[in-house]
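In what follows, a single structure is set out as structure tokens and then discussed.
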2 protein chains.
Amino acid sequence: MELEGIIGKIRGRGYKATPQRVAVLEAISAEQHQSLEGIRSRCPGVGMVTVYRTLDLLSGLGLVRRLDLGDGPRYELAEDHHHHLICEDCGSVAEFEQCPLDPRQLPEVGGDFEVRAHSLEVYGRCSACR
Amino acid sequence: MELEGIIGKIRGRGYKATPQRVAVLEAISAEQHQSLEGIRSRCPGVGMVTVYRTLDLLSGLGLVRRLDLGDGPRYELAEDHHHHLICEDCGSVAEFEQCPLDPRQLPEVGGDFEVRAHSLEVYGRCSACR
DNA sequence: CCGTAACTGAAAAAAAATTTCAATAAGGTA
DNA sequence: TACCTTATTGAAATTTTTTTTCAGTTACGG
Ligand SMILES: [Mn+2]
Ligand SMILES: [Mn+2]
Ligand SMILES: [Zn+2]
Ligand SMILES: [Zn+2]
């Protein structure tokens with residue numbers, strides 16, 4: 001989704017599309033999986049508190065996803081369902097779309113648990129580090 | 001693995017099996033997926049710094065695993081490969097052994113990435129919260 | 001425009017993690 | 001067993017990260 005669409009969703013939910021929020025959104029959309037520091041440095045005019053609050057807001061709206069891959073939180077635009085390849089040597093994060101889960105097994109492992117979502121991270125060494 | 005085995009591994013790697021380390025280990029083995037606070041309250045005589053350092057040591061040795069499921073780090077004894085069912089309502093964490101990954105697809109999604117491990121978390125609602 | 005509720009950000013506070021360093025003690029050696 | 005060496009501990013200080021407060025500002029519907 002392009003930025004305009006996301007901004008529309010913010011307004012549609014009754015929140016204001018302030019310049020600070022748009023700036024944070026632009027910072028996030030510049031690169032997936034950024035740390036807070038990375039995002040902050042991309043919108044230097046926005047106060048730290050506002051960055052925190054905007055990340056909370058956008059996460060709550062489901063427009064941004066917070067990732068806990070170790071080494072502190074990272075953020076990404078919540079686009080299509082995908083998973084991550086994480087290099088244990090250099091820390092780089094790559095994405096892949098193909099979901100290697102067997103859809104027949106998922107409800108089965110759940111039992112009486114109602115499955116709503118999942119996240120899968122694959123760890124190893126990237127081609128550059130090999 | 002029982003505690004004695006783990007303690008043996010600590011010694012085997014050249015580290016001392018101090019009472020503090022054993023106390024932290026006992027605290028962790030009392031319950032999977034505890035927060036730092038939970039672990040600390042189970043070994044009140046051990047200083048905070050030592051708890052942090054012991055968790056680092058045991059994680060580095062692969063005897064304990066740190067989990068980032070949101071809401072701060074949690075720790076578990078690194079037993080057999082398993083995954084987690086996380087209730088979005090009450091926050092409870094359950095385990096399941098059966099790995100629903102299709103083993104044929106995993107190397108494929110990697111491409112020239114060398115896959116070494118993976119982690120899978122399933123989110124939803126537990127039976128109690130339904 | 002105007003009014004108002006939502007929003008911002010500086011400052012302070014709280015929470016979480018790390019560093020420092022003098023004192024202690026585990027475990028090997030004789 | 002007694003001793004020695006080096007790893008380990010923990011109180012205190014420091015740093016880093018996140019949250020709270022609150023007075024001033026602003027987006028935006030009417
Ligand atoms: Mn991603
Ligand atoms: Mn577990
Ligand atoms: Zn790499
Ligand atoms: Zn539940």
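If you take CZ of B/Arg66 and C1' of C/dA17, they are 10 Å apart, rounded to a whole angstrom. Remark: C1' of C/dA16 and CG of A/Asp68 are 15 Å apart, rounded to the nearest angstrom. Counting to the nearest Å, the C1' atom of C/dT8 and the CG atom of A/Leu57 are 14 Å from each other.
Within residues 24-36 of chain A, the residues that have a heavy atom under 4.0 Å from DNA chain D are, in order of number, A/Leu36.
Contact annotation: the side chain of A/Ile39 approaches that of A/Ile28 to within less than 4.5 Å [non-hydrogen atoms, C-beta and beyond]. When side chains are defined from C-beta on, A/Ser29 counts as touching A/Leu3, because their heavy atoms get closer than 4.5 Å.
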For B/Leu67 and B/Tyr75: C-alpha separation, side-chain torsions, deciding distance, then whether side-chain contact (heavy atoms from CB on, under 4.5 Å) applies. CA-CA 6 Å; B/Leu67 305 173; B/Tyr75 297 88; over 6 Å; no
Mind listing the side-chain donor-acceptor pairs of residues 41-49 of chain A below 3.5 Å, one per line with the distance, residues two or more places apart or on another chain?
residue	atom	partner	partner atom	Å
A/Ser41	OG	A/Gly38	O	2.9
A/Arg42	NH1	A/Glu31	OE1	3.4
A/Arg42	NH1	A/Gln34	OE1	2.7

Side chains of residues 17-24 of chain A: which donor-acceptor partners sit under 3.5 Å, not counting sequence neighbours?
residue	atom	partner	partner atom	Å
A/Thr18	OG1	A/Arg21	N	3.2
A/Arg21	NH1	A/Lys16	O	2.8

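In this structure A/Tyr123 satisfies the ring pair (Phe, Tyr, Trp, His ring centres under 6.0 Å) test with no other residue, sequence neighbours excluded. When the salt bridge (Lys or Arg N to Asp or Glu O under 4.0 Å) test is applied to B/Arg130, the partners found at least two apart in sequence or on another chain are A/Glu114.
The ring-ring contact (aromatic ring centres under 6.0 Å, His included) analysis of residues 6-26 of chain A, with sequence neighbours excluded, yields no pairs. Pairs passing the ring-ring contact (aromatic ring centres under 6.0 Å, His included) check and including a residue from residues 22-47 of chain A, sequence neighbours excluded, read A/His33-A/His84. Sorted by first and then second residue, the salt bridge (charged side-chain N to carboxylate O under 4.0 Å, His left out) pairs with a member in residues 85-99 of chain A read A/Glu88-B/Arg116, A/Asp89-A/Arg125, A/Asp89-B/Arg116; sequence neighbours excluded. Annotation: salt bridge (charged side-chain N to carboxylate O under 4.0 Å, His left out) contacts involving residues 66-76 of chain B, sequence neighbours excluded, comprise B/Arg65-B/Glu76, B/Arg66-B/Asp68.
Each end of the helix from C/dC1-D/dG30 to C/dA30-D/dT1 yields a helix axis from five base pairs, and these two axes differ in direction by 40° (to the nearest 10 degrees).
When DNA chain D is scanned in the 5' to 3' direction for atoms under 4.0 Å from non-hydrogen atoms of chain A, the outermost contacting nucleotides are D/dT17 to D/dC28.
Taking the six-membered ring where the residue is Trp, B/His81 and B/His118 present perpendicular rings, their angle passing 60° and hence far from 30°.
Of the possible polar contacts, one joining the B/Gln32 side chain to the B/Leu77 backbone as a donor-acceptor pair under 3.5 Å is found.
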Could you pull out the protein-nucleic contacts involving nucleotides 18-26 of chain C (nitrogen or oxygen on both sides, under 3.5 Å)?
residue	atom	partner	partner atom	Å
C/dA26	N3	B/Lys16	NZ	2.9

